Amino acid sequence: MQVNNGEMSVNTDDVAMLSFQGKHPDDENVEEAPPRSKVGFWGLTAVSFFWVCGGIDGSEPLMSTGPPGLVFLIMLVGPVIIGVPSALVSLELSCAMPADGGSVVWVEEALGSSFGAHNTYWLWFSYVLDGAIYPVLAGAAISKYWNIFSLSGEYSVDSLSSTNAGVSIMATIIIGFLLVMQLLGTDVLVKFSMTLAVLSLLPVMIFMTWGMKYFDFQKVISIQKVSSSGDSGVDWVLLYSYMIWVNMGYIAIGSMSEEVENPRKTLVRSVFTLVPIVMLLTFLPLAIAISMDNDSSNFVPGHFNDLAKELAGEWLMWAFFVGAMLNWLGLSNSALMCSERMSYFFLKERFPQYFDKVRNPSRLYRWLWLDESKGVPRGMIFINFGVALLAAWIPLEGLVEITIMLSVPSFILMFVAFVYFKIKRPQMARPYKISGGVFGAVSLSFLPCLCLTAYLILCCKDPTAYYGIPYFKLIGFFGSIFLGVVVHAAHYMFSKKSKYNFQSFNDEDENTVFLELQ
């Protein structure tokens with residue numbers, strides 16, 4: 001900014017810098033937002049733990065989907081087909097392109113703005129829905145012990161496919177608590193996640209250690225489904241859903257890589273710490289549980305509490321209950337953090353006039369949209385929680401499967417982007433690199449994409465009705481896709497298109513991160 005002959009002139013570089021900081025040069029009273037703090041190894045591992053796994057609570061219905069031998073075979077194959085490949089791909093791309101947004105950045109950089117827009121929408125919507133699932137599970141577990149609301153009633157298998165007003169009210173209260181936590185900022189959220197990870201895992205570690213004496217290999221590999229309700233069939237859709245659900249979380253790790261301290265080192269250490277932990281927590285607690293009680297009809301959310309009581313007494317049962325509550329809080333908190341960062345990165349890029357170039361904003365607007373000190377603007381947090389509150393009233397089973405279905409296209413696009421960069425940018429700096437070149441990239445991507453496509457087809461063919469609407473999942477999935485198409489079309493028809501050109505992810509300089517407005 002310069003003064004010549006009593007007249008002030010503004011350098012365009014100054015305008016860009018001031019706008020990026022959330023203020024306009026004409027508004028000198030706007031305070032600069034505090035810089036976002038960096039997340040270290042333990043913080044990233046704790047947050048990513050809830051993205052990727054989050055523990056065993058709520059996984060009990062998995063054992064009711066089929067014979068134990070089949071269930072454990074699918075759950076052991078899942079990490080090989082989906083979990084490990086997605087972890088490796090996410091790791092390479094996160095280290096090569098460390099920016100908040102993760103796969104939002106990768107897909108747009110590889111496939112262009114149209115695919116990038118829809119990919120962002122799918123990811124945002126699926127993670128917001130995911131953030132609503134865990135408060136519903138927590139509300140259901142609470143209603144099993146206390147009939148707090150007259151509409152609650154004890155949780156049962158039927159509650160998976162029906163609404164329960166009392167459970168949804170409890171979920172709404174829990175989501176409100178998480179809203180307060182989100183508004184406290186990234187520092188608090190990371191410490192919150194670290195605390196929740198430790199406390200929620202303690203009862204599980206006790207259960208696994210104490211319960212090993214009950215481990216029965218014959219029951220674990222049995223191909224006969226034991227059920228007092230007489231159900232001897234295999235619920236392939238639900239079994240498939242759980243397999244994908246516990247192996248898709250690695251895609252989220254890149255969503256806050258710009259906030260990670262020394263991403264090249266921290267991301268690698270975090271991913272390779274998580275993979276064995278997730279595989280252990282997926283298999284061993286359920287193997288002990290089925291060894292103690294092989295009646296599949298008993299495996300509803302909260303059954304681990306009953307087994308913990310049988311194993312060591314009421315103290316472990318209540319420890320499991322508290323641990324489950326903390327675990328679900330952590331899972332919901334992490335899903336909402338991911339959705340906020342992915343969607344905000346996209347919105348800030350596409351609509352800079354609402355974030356970077358606002359002239360004389362009001363105090364309320366500045367407080368909602370121009371302050372990034374919480375990691376993302378508060379307005380983004382409020383929007384996400386509003387959607388999560390509505391989603392808490394969808395039947396749990398349908399909510400889980402629609403969430404996974406919406407994640408599938410984005411997951412496939414991540415692998416497509418990975419192969420694209422191997423073909424088009426072979427010399428791009430990759431601090432962590434998967435060997436094998438193009439052939440290795442295609443080989444690594446083929447089975448996950450095939451598996452996910454088969455799952456999507458299976459869900460679309462499922463005629464299960466919710467609210468009396470047959471093919472509810474099919475309608476919910478394509479209805480969500482169609483809504484994204486309508487919004488995308490409206491954007492191109494009625495708004496001026498502004499686009500940023502990524503200059504940080506080229507072959508020459510992988511260390512510089514900046515955006516250039518065209």
Side-chain angles (χ1 to χ4, degrees), residues 48-91 201 204-205 207-209 211-212 214-227 233-251 253 271-294 296 299 303-304 307 327 331 400-401 404 407-408 411 415 443-456 458-459:
S48 300
F49 169 74
F50 288 112
W51 279 332
V52 176
C53 174
I56 63 175
D57 306 291
S59 63
E60 295 98 330
L62 175 61
M63 300 311 302
S64 68
T65 59
L70 174 63
V71 172
F72 285 116
L73 177 63
I74 296 294
M75 298 311 292
L76 288 174
V77 168
V80 177
I81 296 178
I82 298 177
V84 173
S86 65
L88 294 175
V89 170
S90 184
L91 185 55
L201 280 178
V204 179
M205 299 304 294
F207 180 84
M208 289 193 297
T209 303
M212 279 303 296
Y214 290 100
F215 185 86
D216 187 333
F217 187 70
Q218 295 301 317
K219 289 183 179 180
V220 169
I221 65 171
S222 172
I223 57 173
Q224 296 295 324
K225 182 178 180 181
V226 178
S227 174
V234 177
D235 187 340
W236 288 105
V237 173
L238 191 56
L239 177 57
Y240 217 161
S241 297
Y242 269 95
M243 184 197 76
I244 294 174
W245 195 15
V246 299
N247 287 289
M248 290 184 68
Y250 295 100
I251 192 176
I253 291 176
V271 168
F272 281 100
T273 299
L274 285 170
V275 169
I277 292 175
V278 171
M279 293 185 72
L280 177 67
L281 290 177
T282 301
F283 175 79
L284 189 55
L286 285 171
I288 293 172
I290 203 70
S291 298
M292 294 178 64
D293 178 11
N294 65 345
S296 62
F299 281 81
H303 189 51
F304 272 120
L307 295 176
N327 176 44
L331 285 163
V400 168
E401 291 175 5
I404 299 173
S407 302
V408 167
F411 204 83
F415 281 101
S443 300
L444 189 66
S445 305
F446 177 74
L447 277 180
C449 291
L450 180 65
C451 184
L452 291 168
T453 302
Y455 169 75
L456 200 56
L458 190 64
C459 284

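All values derive from a computational prediction rather than experimental measurement. Keep in mind that the numbers below use all heavy atoms, side chains included, and drop hydrogens, waters and symmetry copies.
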Heavy-atom closest pair (S296 atom, M63 atom, distance to 0.1 Å) is CB-O, 3.4 Å
Would you give the length of the straight line joining atom CD1 of I244 to atom OG of S407, rounded to the nearest 0.5 angstrom? 9.5 Å
Kindly give the heavy-atom pair with the smallest separation between V80 and P85, and that separation in Å. O-CD, 3.3 Å
Results of side-chain contact (heavy atoms from CB on, under 4.5 Å) for S222 - residues two or more places apart only: Q224
Can you list the residues that meet the side-chain contact (heavy atoms from CB on, under 4.5 Å) rule with V77, with sequence neighbours excluded? L73, I81
Pairing residues for Y214 by the ring-ring contact (aromatic ring centres under 6.0 Å, His included) criterion, not counting sequence neighbours: none
Just so I know, are the side chains of F299 and P61 near enough to count as touching, which here means a heavy-atom distance under 4.5 Å? no
When every non-hydrogen atom of V408 is compared with those of M248, the smallest separation belongs to N-CE, 4.2 Å
Is there a side-chain contact (heavy atoms from CB on, under 4.5 Å) between S90 and V271? Walk through the geometry before answering. CA-CA 9 Å; S90 184; V271 168; over 6 Å; no
Mind listing the closest non-hydrogen atom pair of M243 and M75 along with its distance? CA-SD, 4.0 Å
Would L201 and L281 count as a side-chain contact (heavy atoms from CB on, under 4.5 Å) if you check the C-alpha gap in whole Å, the side-chain angles of each, and the deciding distance to 0.1 Å? CA-CA 10 Å; L201 280 178; L281 290 177; 3.7 Å; yes
Between the CG atom in L284 and the CE atom in M205, the distance rounded to the nearest 0.5 Å is 9.0 Å
Test of understanding: with side-chain contact (heavy atoms from CB on, under 4.5 Å), list the residues that count as partners of I221, not counting sequence neighbours. F217, Q218
Report yes if some heavy atom in the side chain of P68 is under 4.5 Å from a heavy atom in the side chain of V220; otherwise report no. no
What's the separation between atom OG in S291 and atom CE in M212, rounded to the nearest 0.5 Å? 9.0 Å
Y240 versus C451, closest heavy-atom pair with distance: OH-O, 2.8 Å
Shortest non-hydrogen pair, P285 vs L280, comes out as CD-O, 3.6 Å
In chain order, what residues pass the side chain to side chain donor-acceptor pair (under 3.5 Å) check against S227, with sequence neighbours excluded? S229
Using the side-chain contact (heavy atoms from CB on, under 4.5 Å) rule, take V246 and V278 through it: C-alpha gap first, then chi angles, then the decisive distance, then the call. CA-CA 8 Å; V246 299; V278 171; 5.7 Å; no
One should read off an interatomic distance between L307 CG and H303 NE2, to the nearest 0.5 angstrom, of 4.0 Å
Just verifying a value: how many Å separate L76 CG and M279 CE, rounded to the nearest 0.5 Å? 6.5 Å
Can you list everything that forms a side chain to side chain donor-acceptor pair (under 3.5 Å) with N294? Sequence neighbours excluded, please. none
Tell me, please, which residues at least two apart from F207 pass ring-ring contact (aromatic ring centres under 6.0 Å, His included). F304, F320
Just jot down the side chain to side chain donor-acceptor pair (under 3.5 Å) partners of Y455, sequence neighbours excluded, or say none. S241
Test log, rule side-chain contact (heavy atoms from CB on, under 4.5 Å), inputs F415 and S86: CA-CA 8 Å; F415 281 101; S86 65; 4.2 Å; yes
What residues, two or more places apart in sequence or in another chain, satisfy side chain to side chain donor-acceptor pair (under 3.5 Å) together with K219? none
Roughly how far, to the nearest 0.5 Å, is CG of L286 from OH of Y242? 10.0 Å
Test side-chain contact (heavy atoms from CB on, under 4.5 Å) applied to L70 - qualifying residues, sequence neighbours left out: P67, I74, V234, W236, L239
Residues two or more places apart in sequence or in another chain: which of them pass ring-ring contact (aromatic ring centres under 6.0 Å, His included) with F283? F72
